[in-house]
Amino acid sequence: MWKQLSETDRRITNWMASKGILLLRISVGLIFIWFGVLKFFPSLSPAETLASDTISLLTFGLISGETAMIILAAWETLIGLGLITGIMLRETLLLLFLQMAGTLSPLVLFPGLAFSIFPVVPTLEGQYIIKNLIIIAAGIVIGATVRGGRLTDEP
């Protein structure tokens, strides 16, 4: 019985190693496309106000909220397409990491919006921002494969 369980575990682990990065790229890519496309339509994205306020502050008011949303929508959609297709993956990851830096900046720029008790009790907006740490980690894992690296099921 233990031998059969061990063989099943080996097969599952092998499948995870062979498909994990692809599934990670596709799932993160779908999130970027979904959230990016919402930003093309005013008032549909729950992050619209926070994102436009952040971009306006970071650009010293040079980019309006409407323009910021169009740029961000295109940027996020492009990241999603790049992750899903795997085309220009290095460039896609660069866009992802730059976007993540901007996404995390409200934690510093608007701590009153991000935390009800700074720095330990995030608001819903703060939680929305903090979850991006997972996307950053996913980008790092995906980035480890751009030169042909891969996961392995071998110890």
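One is the number of the first residue; the rest follow in order along the sequence.
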Between the CH2 atom in Trp75 and the CG atom in Leu98, the distance rounded to the nearest 0.5 Å is 5.0 Å

So side-chain hydrogen bond (donor to acceptor under 3.5 Å, both in side chains) across residues 80-96, not counting sequence neighbours, yields none

Heavy atoms of Ala68 and Ile63 approach each other most closely as N-CG2, 3.6 Å

*asked:* Looking at Arg10, I'd like to know if its CZ atom is crowded, meaning that more than 12 non-hydrogen atoms belonging to other residues, nucleotides or ligands lie closer than 6.0 Å.
replied: yes

Those residues at least two apart in sequence (or on a different chain) that pass side chain to side chain donor-acceptor pair (under 3.5 Å) with Asp153 are Asn14

Going by chain and number, the hydrophobic cluster around Val120 (ILVMFWY, side chain to side chain under 4.5 Å) further includes Ile117, Val121

Hits for side chain to side chain donor-acceptor pair (under 3.5 Å) against Thr123, two or more places apart or cross-chain, chain-then-number order -> Glu125

* Establish, for the pair Lys131 and Tyr128, whether the NZ or CZ atom is under 6.0 angstrom from the six-membered ring centre and no further than 45 degrees off its axis. => yes

CG of Leu133 to CE of Met100, rounded to nearest 0.5 Å, is 9.5 Å

Here the side-chain hydrogen bond (donor to acceptor under 3.5 Å, both in side chains) pairs for residues 47-73, sequence neighbours left out, are Ser64-Thr67

| In terms of heavy-atom contacts, does CD of Gln4 have more than 12 from other residues, nucleotides or ligands at under 6.0 Å? | no

Quick note, side-chain hydrogen bond (donor to acceptor under 3.5 Å, both in side chains) partners involving residues 93-117, not counting sequence neighbours, are Glu76-Gln99, Gln99-Thr103

- request: Apply side chain to side chain contact (heavy atoms under 4.5 Å, CB included) to Ile142 and Leu96, showing your working.
  value: CA-CA 11 Å; Ile142 294 165; Leu96 182 148; over 6 Å; no

Worksheet item: Less than 4.0 Å between a side-chain N and a carboxylate O, is that true for Glu7 and Lys3?
Response: no

- Query: Near Ile134 CD1, under 6.0 Å, is it more than 12 heavy atoms from other residues, nucleotides or ligands?
  - Reply: no

